[in-house]
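Below: the structure, in structure tokens.
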Amino acid sequence: MTREARVGRVERTTKETSVLVEINLDGTGTVDVATGVGFYDHMLDQLGRHGLFDLTVKTEGDLHIDSHHTIEDTALALGAAFRQALGDKVGIYRFGNCTVPLDESLAQVTVDLSGRPYLVHTEPEKMAPMIGEYDTTMTRHILESFVAQAQIALHVHVPYGRNAHHIVECQFKALARALRYASEHDPRAAGILPSTKGAL
């Protein structure tokens, strides 16, 4: 049986930003990203490639102020597009987890595509404040914004790490894999919604 393509497309425009996100959950990891924030582009590239999501992100924001609005609004649109692409969630695994090392850093990510937004996030304190033009305090806010729109429960734990680049990047890689595993179809549960409540 041929399934319908699981794709999401969201356009979000405010006085601060203009964002377009397109995602195909059943893609091959083809990524076309441009937000104007180089390190953020690198992280979104990791998300698409390791999740095997075809991902297009085009953001124009008020970078003359700082990168906050650009990063936040992109994450909100990405979460909304992901939720749209999930569709009715029939036949998916629903739960996914992945542990990813990056040299001295380690990220542990667990996700539940539950329909209820909840984030638990821990990472080492006293990280370098900036990676290029990327404010490292934004990582949690990216996840908060994504979770709010995607309507998922997400636990991200980095028990140790030293290099800020590695600490952030291993989170995005582990998130990509966990989302991929949770959103894939379970061949033993075709046509079944993975919830005893009858709704997700």
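Val33 and Ile142 fall within the same hydrophobic cluster, defined by Ile, Leu, Val, Met, Phe, Trp and Tyr side-chain heavy atoms under 4.5 Å apart, directly or through other members. In this structure, Val147 is not a member of the same hydrophobic cluster as Val10, with clusters built from ILVMFWY side-chain heavy atoms closer than 4.5 Å.
Under the side-chain contact (heavy atoms from CB on, under 4.5 Å) criterion, Thr56 pairs with Glu22, Asp32, Lys58, sequence neighbours left out.
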Apply the test side chain to side chain contact (heavy atoms under 4.5 Å, CB included) to residues Ser183 and Leu86: give CA-CA distance (whole Å), side-chain angles for both, the deciding distance (0.1 Å), then the verdict. CA-CA 7 Å; Ser183 62; Leu86 279 175; 3.9 Å; yes
Show your reasoning for whether side chain to side chain contact (heavy atoms under 4.5 Å, CB included) applies to Ile23 and Val7. CA-CA 5 Å; Ile23 189 168; Val7 297; over 6 Å; no
Check step by step if side chain to side chain contact (heavy atoms under 4.5 Å, CB included) holds for Val168 and Tyr134. CA-CA 11 Å; Val168 177; Tyr134 178 87; 4.1 Å; yes
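For Phe82 and Phe146, the ring centers sit closer than 6.0 Å to each other.
A distance-only check finds no donor-acceptor pair linking the side chain of Glu123 to the backbone of His157 [under 3.5 Å]. Between the side chain of Ser67 and the backbone N or O of Thr70 there is no donor-acceptor pair closer than 3.5 Å. In terms of modelled atom types and a separation under 3.5 Å, the side chain of Gln46 and the main chain of Lys173 share no donor-acceptor contact. The main-chain N or O of Ile65 is never found under 3.5 Å from a side-chain atom of Asp62 such that the two would form a donor-acceptor pair.
Side chains of Thr17 and Asp73: a donor on one and an acceptor on the other come within 3.5 Å. Between the side chains of Thr74 and Thr59, at least one donor-acceptor pair of N or O atoms lies under 3.5 Å.
Ion pairing between a basic and an acidic side chain is recognised when a charged N comes within 4.0 Å of a carboxylate O; Glu144 and Arg140 show no such pairing.
Using a 30° and 60° split on the angle between ring planes, His155 and Tyr118 fall in the parallel class, below 30°.
The shortest distance between side-chain heavy atoms of Arg6 and Ile92 falls below 4.5 Å.
Contact between Thr136 and Ala164 at its shortest, heavy atoms only, is CG2-CB, 4.4 Å.
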